[in-house]
Visitor: 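Here it is, the structure, as structure tokens.
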Amino acid sequence: MGELIKLRVVSLSPSAAGASSYILFLQAEKGESVGFPMVIGISEAQAISMFMEDVIPARPMTHDLFANFIKQTTVLVSFIEISSFKDGVFFAKIHMNKDGESIVLDARPSDSIAIGLRLNADIVISDTLLNEIAIPMEVLQDEDDEIEIQKIPKSQVISTLESSLEKALADENYEEAAKLRDQLNKLIK
């Protein structure tokens with residue numbers, strides 16, 4: 001598995017793929033000059049953004065409800081792990097502890113991150129996986145050291161869009177697939 005590297009959320013911005021997806025950018029927290037983008041849905045982007053901007057909804061959103069439920073139990077969320085990347089799709093696990101017993105739940109990374117932020121749980125990735133998917137931060141930094149998602153290499157954006165398109169087609173989400181196809185065509189021309 002390798003050493004676990006702590007990650008931090010660097011930015012969240014609309015995806016070139018259309019209004020229904022966003023790019024969440026994660027970076028190794030210490031001593032690493034690498035990070036990686038992750039395409040997430042609008043609901044999860046909203047949940048992450050609202051928490052990071054200290055927006056408190058009048059009624060609990062789904063991720064707030066889950067975090068509040070956990071807080072009322074004897075379960076402790078130990079950490080969120082970005083566990084693998086297969087065929088353009090990220091996978092995650094929520095590592096928990098209940099009365100000394102370890103529990104691991106499979107979960108979507110975007111949901112896991114939204115919940116982990118609310119519970120102040122570390123977000124981690126193995127150094128092996130990070131090395132496979134990472135983009136050097138100097139590629140993403142401008143002269144003011146501000147990270148700009150738009151500077152992600154075109155080949156990386158195309159690869160991410162192609163993977164998202166394959167997933168949308170496999171899930172029979174043809175509306176999303178059409179948007180992704182159109183965006184790919186614009187980039188390739």
Visitor: Quick check for you: to the nearest 0.5 Å, what is the distance between T62 atom OG1 and I115 atom CD1?
Guide: 9.0 Å

Visitor: For the residue pair F90 and F85, categorise the inter-ring angle as parallel (less than 30°), tilted (30 to 60°) or perpendicular (more than 60°).
Guide: tilted

Visitor: What heavy-atom pair brings G100 and N97 nearest, and what distance separates the two atoms?
Guide: N-OD1, 3.0 Å

Visitor: Report yes if the side chains of I40 and I48 come closer than 4.5 Å at any heavy-atom pair, otherwise no.
Guide: yes

Visitor: Count the heavy atoms of every other residue, nucleotide or ligand shown that sit under 6.0 Å from CG of N120, and state whether that count exceeds 12.
Guide: no

Visitor: Taking F91's backbone N and O only, do any of them form a donor-acceptor pair with S83's side chain (distance below 3.5 Å, no angle check)?
Guide: yes

Visitor: Nearest 0.5 Å, what's the CG-CD1 distance between L24 and I113?
Guide: 5.0 Å

Visitor: Could you walk me through whether L4 and E81 pass the side chain to side chain contact (heavy atoms under 4.5 Å, CB included) check?
Guide: CA-CA 9 Å; L4 292 178; E81 178 188 6; 4.3 Å; yes

Visitor: Any salt bridge linking D106 with K93? Criterion: basic side-chain nitrogen under 4.0 Å from a carboxylate oxygen.
Guide: no

Visitor: Just by distance, do the side chain of D127 and the backbone of E3 share a donor-acceptor pair under 3.5 Å?
Guide: yes

Visitor: What distance do R118 atom CZ and K71 atom NZ have between them, rounded to the nearest 0.5 Å?
Guide: 9.5 Å

Visitor: Quick check for you: to the nearest 0.5 Å, what is the distance between E101 atom CD and T74 atom OG1?
Guide: 10.5 Å

Visitor: Who passes salt bridge (charged side-chain N to carboxylate O under 4.0 Å, His left out) against D171, sequence neighbours left out?
Guide: K167

Visitor: Looking at every heavy atom in both P109 and A92, which two are closest together, and how far apart are they?
Guide: CA-CB, 3.6 Å

Visitor: Checking side chain to side chain contact (heavy atoms under 4.5 Å, CB included) between Q27 and each of V9, V10, V34, which is the one that passes?
Guide: V10

